[in-house]
Undergrad: 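The structure follows.
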There are 2 protein chains.
Amino acid sequence: MRQNPERRTALIDAAIEVLADQGARGLTFRAVDGQAAVPVGTASNYFANRDALLTQAGQRVFQRLDPGPAVVGEALALPRTRESVDRLMHEMVERITNFRSGYLAMLELRLEATRRPELREVLTKQIRENVQENIDFHLESGMPGDADTVVMLYLSLNWLILERLTLPDVFGEDRAAALISAAVDQIVPPQ
Amino acid sequence: MRQNPERRTALIDAAIEVLADQGARGLTFRAVDGQAAVPVGTASNYFANRDALLTQAGQRVFQRLDPGPAVVGEALALPRTRESVDRLMHEMVERITNFRSGYLAMLELRLEATRRPELREVLTKQIRENVQENIDFHLESGMPGDADTVVMLYLSLNWLILERLTLPDVFGEDRAAALISAAVDQIVPPQ
DNA sequence: AACTTACCACTACACCCGAAGTGGTGTCAA
DNA sequence: TTGACACCACTTCGGGTGTAGTGGTAAGTT
């Protein structure tokens, strides 16, 4: 088992691209090797089996989706109003949408989790933590709305992103942007 | 090309199961043959190629997800209140959740549509129609709320179903049921 | 300074699996 | 008899795994 951490990370990132491009079944050692532009056999030397690759890809997506401290700081500087929530939601959707391969890979992993209990556990844990972090952050920040408000935004905006990334013409770009604001209007209580 | 329509439908339904079980890449003629308990080569005789199988599976899922006239009639008999909407949403989520393989197959098809323009067109058309039908039905029925209300319910409940079907432990069964009511409470305006 | 050790990139190979597609045969009914 | 269909066999192909082996490099040792 090889240890070089940069190379390992590069392989995992390549695995995310492969997941998005070719689906969970397309995630093979050779495909990862190819995507990472690395000799055949390399990924096989770094990961014991496909499961290891899948779970580590799942963790990596979350790592890369995490907003930096800059975004968090900016959020905390905003006034505690619905308008601020609206702005933050637009930013969040844009940030996630821009990491297209990561989001699609995450969806592939969800479907794969249907068949792999270990992967399901890993993902469940991460999503729960993610939702809880969102709730905690929202409540602590003093923005209007309660835990259910946050969950409802989570649900609706996630599907909106999925819709945009898989069937972009169902809601055009403008309509999708308007729907973000509509979601905030309907879901976040006036302060 | 074989014509027997019952057999053809049975093969498409088998394809839906295969999609849910093994993913889009797992959808091969042989796998469909196996699922349909039919001799090897049969699916190959009924469909020109995998693309035909994929698009027809997509259409079939919608066909099977369509609520019967019984459900529609029942809906129209309800009073025009938020409580009725709440009940209808619970029924809809349950109906869709119960067709697990169909919903998972639909997600696989969405991801596959990322790579196949023809499939993307077919699905886009169907989803647009589906959303529009929901909006029209809601508005014509006189239930409280406007088009955005319906879209917002569509977004949030779809992701809730996805969450339930892929990572059921993120929201437990009870929490998920409560979230349906919470969605209606927050999204549907009081009448 | 020469030597040894350990890690790593890269290559090659042996093996396996499953798929596609086609052509052919048997059967039944119009 | 003819045509449509179910079923079967065979050929061909591609791609994947896992592992063994080779050579290079860097760091530590005597």
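Letters A, B, ... are given to chains in the order of the sequence lines, protein chains preceding strands, and every chain is numbered from 1.
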Undergrad: Calculate the interatomic distance between A:Arg50 atom CZ and D:dG15 atom P; express it in whole Å.
TA: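 Rounded to the whole Å, the gap is 17 Å.
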Undergrad: Hey, can you pull the residues of residues 23-42 of chain B with a non-hydrogen atom under 4.0 angstrom from DNA chain D?
TA: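 Hits under 4.0 Å, by residue number: B:Pro39, B:Val40.
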Undergrad: Give me the first and last nucleotide of DNA chain C, going 5' to 3', that has any atom under 4.0 Å from a heavy atom of chain A.
TA: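 Here the contact window of chain A covers C:dC8 to C:dT11.
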Undergrad: Counting only N and O atoms by type, is there a donor-acceptor contact under 3.5 Å from the side chain of A:Arg64 to the main-chain atoms of A:Gly102?
TA: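 No; zero donor-acceptor contacts below 3.5 Å.
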Undergrad: Report the distance from atom CG of A:Asn45 to atom P of D:dT22, rounded to the nearest whole Å.
TA: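 One finds 16 Å between P of D:dT22 and CG of A:Asn45, rounded.
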Undergrad: Enumerate the residue pairs fulfilling side-chain hydrogen bond (donor to acceptor under 3.5 Å, both in side chains) with a member in residues 117-126 of chain B, sequence neighbours excluded, ordered by first and then second residue.
TA: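 Sorted pair list: B:Lys125-B:Glu129.
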Undergrad: Quick one, which residues of residues 2-15 of chain A touch DNA chain C with a heavy atom under 4.0 Å?
TA: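 Correct list: A:Arg2, A:Gln3, A:Asn4, A:Arg7.
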Undergrad: Can a salt bridge be assigned to the pair A:Arg87 and A:Glu83 using a cut-off of 4.0 Å between side-chain N and carboxylate O?
TA: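 Answer for the salt bridge query: no.
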Undergrad: Is a salt bridge present between A:Arg115 and B:Glu108, judged by a nitrogen-to-oxygen distance below 4.0 Å?
TA: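 Between B:Glu108 and A:Arg115 there is a salt bridge, with a charged N closer than 4.0 Å to a carboxylate O.
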Undergrad: Looking at every heavy atom in both A:Ala48 and A:Ala52, which two are closest together, and how far apart are they?
TA: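 Smallest interatomic distance, heavy atoms only, reads N-CB, 4.4 Å.
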Undergrad: What's A:Phe47 touching, base or sugar-phosphate or nothing? Going by heavy atoms closer than 4.0 Å.
TA: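 Answer is nothing: A:Phe47 stays at 4.0 Å or more from every strand.
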Undergrad: Should B:Val122 and A:Leu165 be regarded as members of a common hydrophobic cluster, given that ILVMFWY residues are connected when their side-chain heavy atoms come within less than 4.5 Å of each other, either directly or indirectly?
TA: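 As far as the 4.5 Å side-chain criterion goes, A:Leu165 and B:Val122 are not connected within one cluster.
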Undergrad: For A:Leu53 and D:dG16, give me the distance from atom CG to atom P, rounded to whole Å.
TA: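 Rounded to the whole Å, the gap is 13 Å.
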Undergrad: Under 4.5 Å side-chain heavy-atom separation, chaining through any Ile, Leu, Val, Met, Phe, Trp or Tyr, what else clusters with A:Val72? Say none if it is isolated.
TA: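 A:Leu76, A:Phe137, listed by chain and number.
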Undergrad: Please collect all side-chain hydrogen bond (donor to acceptor under 3.5 Å, both in side chains) contacts where either partner lies in residues 130-151 of chain B, sequence neighbours excluded, each pair once.
TA: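 Of all non-adjacent pairs touching residues 130-151 of chain B, those that pass side-chain hydrogen bond (donor to acceptor under 3.5 Å, both in side chains) are B:Gln132-B:Asp136, B:Asp146-B:Thr149.
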Undergrad: Within the 3.5 Å criterion, strictly below it, is a donor on B:Asn98 or B:Tyr103 matched to an acceptor on the partner's side chain?
TA: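 B:Tyr103 and B:Asn98 do not have a side-chain donor-acceptor pair below 3.5 Å.
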Undergrad: Looking at A:Glu163 and B:Arg110, does any basic side-chain N land under 4.0 Å from a carboxylate oxygen?
TA: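 Yes, this pair counts.
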